[in-house]
Protein chains: 2
Amino acid sequence: MNVQEAVKPRDKDESQSERFDRIYSTLRDRICLLAYRPGTILSEVVLAEEFGISRTPIKRVFNKLEFMGLVQIKNGVGTIVTDIDLLTFKETYDLRKRLAAMMGELSPVEITPAHLARIDRILAETEMLRTDRGNFDALAFVANDLQQLLLDLTGNTPLREVTELLYYRVARIWYTFLPQFGWDIVYEGQLKEVRDIRAAMVVNDILGVGQVRSVDLQRMMTLLGRTMVDA
Amino acid sequence: MNVQEAVKPRDKDESQSERFDRIYSTLRDRICLLAYRPGTILSEVVLAEEFGISRTPIKRVFNKLEFMGLVQIKNGVGTIVTDIDLLTFKETYDLRKRLAAMMGELSPVEITPAHLARIDRILAETEMLRTDRGNFDALAFVANDLQQLLLDLTGNTPLREVTELLYYRVARIWYTFLPQFGWDIVYEGQLKEVRDIRAAMVVNDILGVGQVRSVDLQRMMTLLGRTMVDA
DNA sequence: GTGCACTAATCTGTATACAGCTTGATCTTA
DNA sequence: TAAGATCAAGCTGTATACAGATTAGTGCAC
């Protein structure tokens, strides 16, 4: 589970594009799971040595990470893991909330047994975490699985791409807020969301799935707003 | 007006990032205004010679163009100006229609006299084209100005970014359809849209602006669907 | 002490030679 | 003749040395 150790010995048969994908995924996960926290300066040279390659392909990966909004490349300074200002954060959640509601409206997909199996597993994993108080990392992992499932239930391709883009931009920032909300509120909220989404899925109500997600994103914003006022 | 001649002699005081932006904008416009038609293979070497630089910065520009969905980089083959399949095209317009309606709902901006001056100029330019039958290129230029104005009226930053991304992906494909729709339908449709948007703007009805745009995107889809059935 | 110019360190950007990938033409062979 | 192997051409990807950009520290002038 430790993303820092995700670098396997080089496979001699690995093609250039496969290696690129592997390194990109590795660095993206490190950023999204906060192994590289916002503000961290990433070094092309250090990473090139870690992966046993030159700076060139690392630069390509950095470029893609910048497009995804995960790092900012500053000439003469370095490549910095992005933070996000509160206004942009709120605006992004506003938009994500609207997009979630569209999931079932634009090019809806049929819910298959495979999809149901996945939500069942996600629900089971969530329930197992009930007694694991304070394990926000594990909760974030499950939330990530849920997001992947919802992406697969999004039939409209551009909508799926945009949803994914916005998710990766802000999800990790959201994770940093979790501890101050307290375990009970966070856990019960996520458990309820998974149950509601599952309930909508079993009756093939893809529109309802999107609405549950939309309501939950609204709940997150409300939670955040309340905390900000308290502080 | 000829984008092919947009390459000015190098300014000695131009910084690296300014040069990057200039080359990116130049190639983006060539693609979006169909100087490079879908399927065209772009050569790093040729473009590097044209701009008097090496392949390296051209590769960076290609990377950004690929992220924007304007080209596809294929190792060992070349960098190809993307075409778009009809399903993705329709899905993109579905999404754009919904996003347009959100423009005035999420973080609405105040309409300033500067904005009004711009829509007045756009309206004037559109009216001047009435007798210029068949000049679809000029009409596309004005439509591009209108799009820029609408982007500036979008207060929600992520929404603006996503709207811009989707616009650049499909607008040029739309242009290729215009001639077969006929001048009158295209021209009158665009003129009406500009007038309706202006009417909403003068009463500071940003919500109405978004709705006009949304309706117009629906009109485009309907027009396309009718033509496809006829063919 | 304070402000400014300069320098050094360190980062990303660029140029260029070479390696890897893909495709189509050509040659070989059944 | 036709199927398959081989090769050459042309493209992008990579490695590496060097240039440009930024920043922090240093020392000088005031």
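Note that the coordinates shown come from a computational prediction; the quantities given were computed from them, not determined experimentally. For the numbers below, each heavy atom of this structure counts, side chains included, while hydrogens, waters and symmetry mates do not. In the text below, chain A, chain B and the rest are named by the order of the sequence lines, each starting its count at 1.
Within the nucleic acid shown, B:Leu42 comes within 4.0 Å of sugar-phosphate atoms alone, with no base atom in reach, counting heavy atoms only. Looking at heavy-atom distances under 4.0 Å, A:Lys74 makes contact with sugar-phosphate atoms alone, never a base. No engagement by B:Ile41 is indicated, since no non-hydrogen atom pair under 4.0 Å with the nucleic acid exists. Among the atoms of the strands shown, only primed sugar atoms or phosphate atoms (P, OP1, OP2) are found under 4.0 Å from some heavy atom of A:Arg60. Among the atoms of the strands shown, only primed sugar atoms or phosphate atoms (P, OP1, OP2) are found under 4.0 Å from some heavy atom of A:Thr79.
As a whole-Å value, the separation of B:Asp21 CG from C:dG13 P is 12 Å. Atom CD of A:Glu44 is separated from atom C1' of D:dA17 by 15 Å (rounded to the nearest Å). Put simply, NZ on A:Lys59 is 12 Å from C1' on D:dG20, counting in whole angstrom units. Here the P atom of nucleotide D:dT22 and the CD atom of A:Gln72 are 13 Å apart, to the nearest Å. The interatomic distance linking A:Arg55 (CZ) with C:dC11 (C1') rounds to 8 Å, in whole Å. The interatomic distance linking B:Asn75 (CG) with D:dG10 (P) rounds to 17 Å, in whole Å. Atom P of nucleotide C:dC11 and atom CD of B:Gln16 are separated by 17 Å, given to the nearest angstrom. Counting to the nearest Å, the P atom of D:dT14 and the CD atom of A:Glu18 are 13 Å from each other.
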Q. Is there a side-chain hydrogen bond (donor to acceptor under 3.5 Å, both in side chains) between B:Tyr175 and B:Asp137 once you walk through the steps?
A. CA-CA 8 Å; B:Tyr175 296 154; B:Asp137 287 349; over 6 Å; no
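Counting all heavy atoms, side chain and backbone alike, B:Leu166 lies closest to A:Pro158 at CD2-CB, 4.2 Å.
Comparing C:dT23, C:dA15, C:dT12 by their nearest atom to the side chain of B:Ile53 picks out C:dA15. Comparing C:dT12, D:dA21, D:dT12 by their closest approach to the side chain of B:Ser15 singles out D:dA21.
Screening A:Trp174, A:Phe181, A:Trp183, A:Phe177 against A:Phe136 for a ring-ring contact (aromatic ring centres under 6.0 Å, His included) leaves a single residue, A:Trp183.
A side-chain donor-acceptor contact under 3.5 Å links B:Thr82 to the backbone of B:Gly69.
Using a 4.0 Å cut-off, some side-chain N or O of A:Arg19 falls inside it from OP1 or OP2 of D:dT14. Here A:Thr56 does not reach the OP1 or OP2 of D:dT14: none of its side-chain N or O atoms lies under 4.0 Å away.
Each of B:Gly78 and A:Ser54 lies near DNA chain D, and the nucleotide nearest B:Gly78 is the one positioned closer to the 5' end.
Using a 4.5 Å heavy-atom cutoff, the side chains of A:Leu217 and A:Met221 are not in contact.
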